Participant: 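One structure follows; several queries about it will come next.
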Amino acid sequence: MPKTKQLSVILVVIEDSDEDFDTFAEGVRQSGVTAEVRRATTGDAGLAMLRELAPGRQVLVLMDLNTPATDGRAALAEIKADPALRTIPVIVFSTSANPKDIGLCYAAGANAYHVKPVRYPDHLQLVVVLTSYWINSVALATAGGTQI
Amino acid sequence: MQLPEIDLAVSSSLLDPRRFDVRIRHGDELWGLIACHHYTGPKFVPYQVRAACEFLAQVVSLQHQAADDREHLVYRLKLDGTHQQLVALAAQEGGLASMTDGQPTLLDGVAAGGAALYHHDRWWRVGNTPSEPELEALGEWLNERPEFASPTRPLYVNDSLARDYPPASAFANVGSGLLATPISRANRNLMLWFRPETTQTVNWGGNPHDKPTVPGPNGPRLTPRRSFELFQESVRGRSLPWLTVELEAAARLRMLVMELVVTRAERLADLNADLTRSNEELDAFAYVASHDLKEPLRGIHKYAHQLLQDASLGSESRQKLDGLMRLTVRMDSLLDSLLHFSRVGRAVLLTEESDLNEVVAEAIEMVDARRADGPPEIAIPRPLPHARCDRVRCREIFVNLLSNALKYNDKLQKQVEVGFIAPHEVHPRPGCPSGSDHFTIYYVRDNGIGIPARHFEQVFKMFKRLHGRDEYGGGTGAGLTIVQKLVERHHGRIWLDSTPVEGTTFYFTLSGREGI
């Protein structure tokens with residue numbers, strides 16, 4: 001029986017730092033997952049990108065908390081308040097290890113919170129582990145999943 | 001001399017031709033009487049003599065009034081002076097506590113045996129006063145008194161308190177007389193003066209209980225007494241009466257204190273606004289430190305790492321790039337410590353009754369997990385008591401002290417002891433500051449490398465390390481600064497005693513800082 005090919009997962013990365021985005025892209029490459037990476041540098045741009053996505057695609061959001069204009073916290077809240085977007089897992093990457101930030105993000109509906117390590121190898125390894133987990137092991141919803 | 005009932009008898013026979021009298025007045029009150037009696041029958045006293053007597057009585061009245069006024073004026077001035085000093089001192093000290101603890105006190109003003117102040121939810125006492133539970137009950141009763149509702153002069157005055165308030169008979173020896181005034185209605189703050197029972201000071205012109213009667217045609221008849229010898233009567237449950245000038249002084253002091261309290265409240269509100277502002281700035285700073293400073297560090301580390309992948313690099317360049325990466329990592333941990341420290345200072349403590357045995361057990365588990373070499377010996381000679389503290393923060397104190405005890409230790413058999421000294425317990429207390437014996441002292445003792453006495457203060461300084469950067473496992477040098485902050489957040493104190501080579505003991509309390 002011929003195997004049907006799954007459409008690749010869309011990884012929307014909301015990250016303003018070029019270095020961190022580069023580390024992220026490198027991590028995705030090393031993890032060997034099939035995914036389409038799209039980058040937004042502000043929360044607003046990320047939200048616009050998510051809303052333009054064709055329904056029926058599997059989407060994953062990875063975001064930095066401290067982005068220009070609408071920051072990660074506000075973007076997270078908006079995603080989780082939007083019935084069309086709320087099934088998209090949001091994975092937070094932040095420099096802040098402050099328990100307050102961590103608590104606030106989970107309370108706002110974040111699906112995971114990660115503190116960016118300062119050591120490059122650790123940072124890269126984190127991206128590898130987590131993209132392969134979220135893309136290979138997790139059953140993702142398709143965008144617009146609440147309208148089943 | 002008080003006017004006995006003899007005056008009644010005299011007055012009832014005002015038309016008696018054998019008798020004549022002149023009155024000595026004090027203000028509008030009848031103060032005394034010069035009464036002349038002629039027992040052997042009617043006597044004619046010439047007009048001139050009567051006029052002279054009248055004049056004499058008037059002079060006595062005026063003199064008496066003047067002497068009294070003068071005496072009261074002196075007392076009033078003294079009272080006002082003392083009260084001004086009291087309020088000035090309280091303003092300077094920043095609290096009403098100085099009114100009972102300072103010099104002068106509330107007692108140096110109004111003449112009383114004791115005074116008490118209810119302020120900041122507690123009693124401040126000076127001299128002889130009822131006990132605190134008695135004051136508590138009295139305060140509640142007073143706050144319901146109609147006198148306290150007076151908008152102009154809320155004073156409660158009584159020189160025989162037990163008549164109004166029967167429980168007062170239990171403390172009649174210190175509080176038969178009471179002068180009380182509220183210094184703020186909202187917080188039920190009070191100012192009270194007490195006067196003891198006075199049992200010997202009522203002077204009568206003759207024994208008032210010995211009714212002088214003579215047999216008359218219609219039975220016994222009340223007559224003026226023949227003996228006017230001084231008669232002293234004991235009166236129980238009464239204090240010396242409160243003078244008008246004292247009441248006025250108390251009312252004026254009340255106004256001064258209330259003005260002070262209001263000014264202080266305004267200043268506190270200003271300070272609070274400042275504090276909120278600076279806390280917000282600190283928050284903003286902490287955020288800048290966490291994100292905006294760390295992000296470039298991550299970038300620098302990354303580029304150095306990528307450069308190292310270049311095979312053509314010489315060994316010297318590699319060393320330098322390694323150094324660069326090490327420094328970024330160090331900078332990162334310094335920023336983490338700084339962030340942690342700022343969080344410790346601002347976090348709200350969740351204080352609860354905690355079993356310190358559990359707290360220390362968790363701390364030992366956390367410290368153990370970090371260690372690679374064999375299990376250390378951590379002794380707890382006797383079970384630790386319960387304490388009111390924030391469990392998580394308290395655990396952090398123990399984790400830091402325990403990990404230091406093991407880290408700065410070069411002995412083959414590392415020994416650490418966690419214990420406590422109960423208040424007033426007989427126990428060696430090397431280096432313990434005076435006053436600390438009122439509180440439970442906890443300690444962590446090790447047989448480590450010790451600290452020279454000249455560094456005792458420095459160990460608590462932020463980022464201060466006594467050893468080379470990579471000796472004894474490295475570290476940022478923030479651990480003890482954070483411990484000190486945590487102890488201070490619990491209103492406690494921390495200090496140490498140490499002998500180089502032999503070991504160090506860190507002592508701390510979880511309460512007992514001055515003024516709390």
Side-chain angles (χ1 to χ4, degrees), chain A residues 13-30 39 41-43 62-76 92-105 107 110 113-128 130, chain B residues 279-280 282-310 321-350 390-393 395-396 476 478 482:
Chain A
V13 183
I14 306 176
E15 171 64 82
D16 68 314
S17 155
D18 291 343
E19 284 77 21
D20 285 350
F21 177 74
D22 185 61
T23 305
F24 186 78
E26 177 62 19
V28 172
R29 197 188 62 76
Q30 287 190 15
R39 179 186 178 191
T41 53
T42 67
L62 294 110
M63 62 159 67
D64 181 25
L65 276 191
N66 201 34
T67 53
T70 304
D71 75 358
R73 293 171 196 76
L76 169 65
V92 178
F93 274 86
S94 170
T95 311
S96 169
N98 190 335
K100 205 164 95 186
D101 280 336
I102 299 173
L104 281 175
C105 282
Y113 189 107
H114 304 273
V115 180
K116 291 179 185 170
V118 71
R119 290 173 207 263
Y120 178 67
D122 297 351
H123 193 176
L124 195 63
Q125 181 61 20
L126 175 67
V127 178
V128 170
L130 140 158
Chain B
N279 265 343
E280 279 164 8
L282 201 62
D283 267 329
F285 165 76
Y287 201 79
V288 167
S290 86
H291 194 276
D292 298 356
L293 295 184
K294 287 180 111 187
E295 192 186 288
L297 269 185
R298 218 163 35 239
I300 294 168
H301 189 276
K302 176 181 171 171
Y303 288 134
H305 190 272
Q306 286 175 341
L307 277 175
L308 268 175
Q309 310 302 312
D310 184 350
L321 283 171
D322 275 333
L324 186 63
M325 289 191 340
R326 210 172 46 242
L327 287 176
T328 53
V329 172
R330 181 166 167 72
M331 182 84 176
D332 185 62
S333 44
L334 287 175
L335 286 171
D336 278 339
S337 301
L338 203 59
L339 273 170
H340 188 178
F341 181 73
S342 86
R343 276 209 301 274
V344 161
R346 286 171 298 127
V348 179
L349 290 195
L350 299 168
D390 180 311
R391 224 186 134 94
V392 176
R393 311 281 165 188
R395 187 177 68 203
E396 195 178 343
T476 58
I482 288 168

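Lettering of chains follows the sequences in order, A, B, ..., and the numbering in each one begins at 1. In this text, all values refer to a predicted model and were calculated from it rather than measured experimentally.
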Participant: What closest approach, in Å, do Thr328(B) and Val118(A) show between heavy atoms, and which atom pair accounts for it?
Facilitator: O-CG2, 4.3 Å

Participant: Measure distances from Asp64(A) to the heavy atoms of chain B and classify the residue's part below 4.5 Å as side chain, backbone, both or neither.
Facilitator: side chain

Participant: Between Gly299(B) and Glu19(A), what is the shortest heavy-atom contact and its length?
Facilitator: CA-CG, 4.0 Å

Participant: Run the side-chain contact (heavy atoms from CB on, under 4.5 Å) test on Gln306(B) and Tyr120(A) for me, step by step, so that the C-alpha distance in whole Å, both residues' side-chain angles and the decisive distance to 0.1 Å come before the verdict.
Facilitator: CA-CA 9 Å; Gln306(B) 286 175 341; Tyr120(A) 178 67; 3.5 Å; yes

Participant: So which atom in Ala97(A) and which in Arg343(B) form the shortest heavy-atom distance, rounded to 0.1 Å?
Facilitator: O-NH2, 4.3 Å

Participant: Evaluate the side-chain proximity of Lys302(B) to His123(A): yes if any heavy-atom separation is below 4.5 Å, no if none is.
Facilitator: no

Participant: Which pairs, with at least one residue in residues 333-342 of chain B and sequence neighbours excluded, count as a salt bridge (charged side-chain N to carboxylate O under 4.0 Å, His left out)?
Facilitator: Lys294(B)-Asp336(B)

Participant: Is it true that, when you exclude Arg119(A) itself, more than 12 heavy atoms of the residues, nucleotides or ligands shown sit nearer than 6.0 Å to its CZ?
Facilitator: no

Participant: How long is the gap from CG on Asp122(A) to NE2 on His301(B), to the nearest 0.5 Å?
Facilitator: 8.0 Å

Participant: For Arg298(B) and Thr23(A), test the side chains for any donor-to-acceptor distance below 3.5 angstrom and give the result as yes or no.
Facilitator: no

